[in-house]
Amino acid sequence: MAYRNKAPRPAPSAVPAKVTAHWFILLATLAALGLALAVQGYIHHLGGIGADAVPSGAAAGNVPAAVSGGGPVIDSRGGAVRSVRPPDRTVALTFDDGPDPQWTPRILDVLKEHHVHATFFVVGSAAVDHPDLVRRIVAEGHEIGVHTLTHTDLGAAGQWRRGLEVQGGQDAIVGVTGQSVSLLRPPYTSGNAAITDSTWSAIQGLGDEGYLTVLSSVDSKDWQQPGVQAIADSLKPQGPQGQVVLMHDGGGDREQTVAALDQALSQFSDQGYRVTTVGGAAGVDTMRPASGLEQARGSALVWGIRVSDFVVTAISWALVAAGVVTLVRAVLVMFFAARHSRAARRAGRQGRGRRRVDAVHRPVITEPATVIVPAYNESAGIEAAVRSIAASSHPVEVIVVDDGSTDGTADIVEALGLPGVRVIRKENGGKPSALNAGILAASYDLVVMVDGDTVFEPDTVRALLQPFADPRVGAISGNTKVANRGGILGAWQHIEYVVGFNLDRRLFDVAECMPTVPGAIGAFRLTALRNVGGVSDDTLAEDTDLTMALCRDGWRVVYQEDARAWTEAPATLGALWKQRYRWCYGTLQAMWKHRGAVIQDGAAGKLGRRGLGYLLVLQVLLPLFAPIVDVFAVYGLVFLDPLRIAALWLAFLAVQMLMAAYAFRLDKEPLGPLWTLPLQQFVYRQLMYLVVIQAVVTAVTGVHLRWHRMERYGSLTVPDAQRQLHSS
């Protein structure tokens, strides 16, 4: 349906800024969301604590002998290379891969029981996840070192990632404890002899940044979980020489580590070994209060990670909710569509039987009807529309209300000379004004309203009027079909009309909460129209506004699937945008106008709690959430399992395809156009949710939207193939 409003009200001067600004806000929001997802994906999915096996087979020709054959504490600061080991009968006890909420507290308890201190090389992401454990480590006199942000192999990482990982690990520690540290242990390292050229390059670069690299001289191999005794035996002193012992408080099940640690500490004590931190063994201070700038940067990282985790968690739950709602909607519409279809078939059989036996329980409607065609500059299609209506098998009078057209629309209709067709000429006042003029001139109590870009089949009016046999029915929605469905855009709109609109109307009919009788084809009782004051011009969706008013007045509004009307759909994305923008904006206006129905009883309450609730969730909230779904899908493809994401998408598409196939079967449509359904998810769907966003922002900001007239293409003829299909 296309029309323009009466004398458009001037938009405020600030409208362009308002209309443009929200797109920048949307882009900024999506960019912030993308950043949060990127942070969360990097922290939790690009890295990760796994088996601490040391890579083997890599070249090591550039590693100095002073390093490969030296002590486990390496100082390459200032260009000079020095390595030291703890003094004799001294054990520097170290733990990697924590903190872990299960094992770190138990290890701290064992250390406390034996009155010893150790060095904990913490993973930055784990430190952010468990800040209280890191603070406890420091509070109980232990030492902290950097073990990167996500447990990344620094030897295999590029230069940019090395810096990001080490600085990120440092910032996490500063943000949690307020302390800056100088000890670093690269993940996937053990003794000096295992250092490769790439790892040595990383150590040199980090030495220039002030870090002391700490390897190990004794590897407990507790990450292999060889058994408590095997771990304890590997820690037994083999002589007086000082050692740096490697153990783990995170990264897996550390039950054996806890038990072996208690046993080993007893052994060290019995043999007179001093157990201390790396700094204590080397005689250096490795921790200092962070500067203000360092604390600000650390706090920013910690809170950035926490916010990103919260965002991803919230989106994940919202996605689950959206998925559930989508699935429930699919089940509901198919269930109610099946009920509606069975009821329609029973009514059809009973109707045919009544004609044979002249039954009177629900009489066939034979009384004439008035068909009102509001028209403004409809010269391209008005002849086809009027001829199709005048050829109805049901007795009708046709009133074409020319609303100030400047293209000779009224002249075209008058020149046809069709019996029962008359023209009312009036000054332009908008579609509601034209419809009300037609209502005042109507000769009959049953009124059909049809857009000037729509054609009827011969039996459309007769089929449309039959539900009026029920005196409770005040309005009837017909079945709008896309006439110009050629091309992919036409196919997409055809699918939307059949699947989206018609399935929903079947549900609304059964649930008695029909929110819209479309302007393309709708029938009304004249008394019902007069009761609600005719067609209001309060909104840009006068058809939705009128339907909601009738529901609130206690009338039943139903859907008649056999009453088909063929309408001309937009042929370009720009025209489609304008049409749907107006539809959505007008629907929002009508929903707000009739919001009081939510707390009413009877038919009004059904509209408010069922119909408006459905529209709010399915046609407003879910589309507003849709851009986030798309961004999250990209996140899943990059950081999660692409196969799982693809499987979820295919499952969603399968549900859509199943629902579409069922809807096409109900409408007796060939399934051919459904091949475009997967493509619809990548263009058409995005266009529709952007329309909703634009309409919501327009409504919230109070900008007045003017009518947009749709371009006419002159395609208003009922396709022969379709006519034959539906008549068969």
Might you work through the side chain to side chain contact (heavy atoms under 4.5 Å, CB included) test for Leu526 and Arg530, ending with a clear yes or no?
CA-CA 6 Å; Leu526 193 59; Arg530 289 170 177 167; 3.3 Å; yes
Please determine whether a side-chain nitrogen of the Lys or Arg among [X] and [Y] lies less than 4.0 Å from a carboxylate oxygen of the Asp or Glu.
| X | Y | value |
| --- | --- | --- |
| Arg556 | Asp470 | no |
| Glu512 | Arg472 | no |
| Lys431 | Asp543 | no |

Walk me through whether Tyr497 and Thr567 qualify under side-chain hydrogen bond (donor to acceptor under 3.5 Å, both in side chains). CA-CA 11 Å; Tyr497 272 66; Thr567 191; 5.5 Å; no
Any side-chain heavy atom of [X] within less than 4.5 Å of one from [Y]?
| X | Y | value |
| --- | --- | --- |
| Lys668 | Arg564 | no |
| Glu367 | Phe468 | no |
| Leu418 | Glu383 | no |
| Thr409 | Val423 | no |
| Tyr444 | Glu397 | yes |
| Glu496 | Met688 | yes |
| His594 | Cys551 | no |
| Met334 | Leu658 | yes |

In Pro432, Ser433, Pro374, the residue satisfying side chain to side chain contact (heavy atoms under 4.5 Å, CB included) with Glu542 is Pro432
The single option from Thr480, Val450, Thr547 that satisfies side chain to side chain contact (heavy atoms under 4.5 Å, CB included) with Pro518 is Thr480
Please check: side-chain N/O of [X] versus main-chain N/O of [Y], any donor-acceptor pairing under 3.5 Å?
| X | Y | answer |
| --- | --- | --- |
| Asn436 | Gly534 | no |
| Glu378 | Ala410 | no |
| Gln466 | Ile365 | yes |
| Thr516 | Thr544 | no |
| Arg595 | Trp592 | yes |
| Arg485 | Ala491 | no |
| Gln619 | Leu616 | no |
| Asp402 | Arg425 | no |
| Gln589 | Leu540 | yes |
| Arg685 | Pro623 | no |

Rounded to the nearest 0.5 Å, what's the gap from [atom1] on [X] to [atom2] on [Y]? Could you check?
| X | Y | atom1 | atom2 | answer |
| --- | --- | --- | --- | --- |
| Thr326 | Leu618 | OG1 | CG | 7.5 Å |
| Met657 | Ile495 | CE | CD1 | 8.0 Å |
| Phe524 | Thr370 | CZ | OG1 | 13.5 Å |
| Asp545 | Leu550 | CG | CG | 9.5 Å |
| Lys606 | Arg552 | NZ | CZ | 16.0 Å |
| Arg462 | Glu457 | CZ | CD | 11.0 Å |

Between [X] and [Y]: side-chain donor-acceptor atoms closer than 3.5 Å:
| X | Y | answer |
| --- | --- | --- |
| Ser393 | Asp459 | yes |
| Tyr614 | Asp504 | yes |
| Thr676 | Tyr684 | no |

Given side chain to side chain contact (heavy atoms under 4.5 Å, CB included), test Arg665 with Ser341 step by step and report yes or no. CA-CA 11 Å; Arg665 176 176 173 272; Ser341 181; over 6 Å; no
Grab the two heavy atoms, one from [X] and one from [Y], that are nearest each other, plus how far apart they are.
| X | Y | result |
| --- | --- | --- |
| Cys584 | Ala695 | SG-CB, 3.6 Å |
| Leu465 | Ala523 | CD2-CB, 4.0 Å |
| Phe456 | Ala520 | CE1-O, 4.1 Å |
| Val447 | Ala442 | CG2-CB, 4.2 Å |
| Val517 | Ser477 | CG1-CA, 3.9 Å |
| Leu607 | Met514 | CD1-O, 4.1 Å |

| query | Checking side chain to side chain contact (heavy atoms under 4.5 Å, CB included) for the pair Asp403/Lys426: CA distance, chi angles, key distance, verdict? | reply | CA-CA 5 Å; Asp403 194 35; Lys426 61 182 290 294; 2.7 Å; yes
Measure the acute angle between the ring planes of Phe664 and His494, then classify it against the limits of 30° and 60° as parallel, tilted or perpendicular. perpendicular
- Task: Take the angle between the ring planes of Tyr581 and Trp577 and call it parallel below 30°, perpendicular above 60°, tilted in between.
- Result: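 Rings of Tyr581 and Trp577: tilted, as their planes differ by 30° to 60°.
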Self-check item: Centroid separation His340 to Phe508 less than 6.0 Å
Solution: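 Not under 6.0 Å, so no.
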Go through the steps to decide whether Leu529 and Leu546 satisfy the test side chain to side chain contact (heavy atoms under 4.5 Å, CB included), and finish with yes or no.
CA-CA 8 Å; Leu529 291 174; Leu546 174 60; 3.8 Å; yes
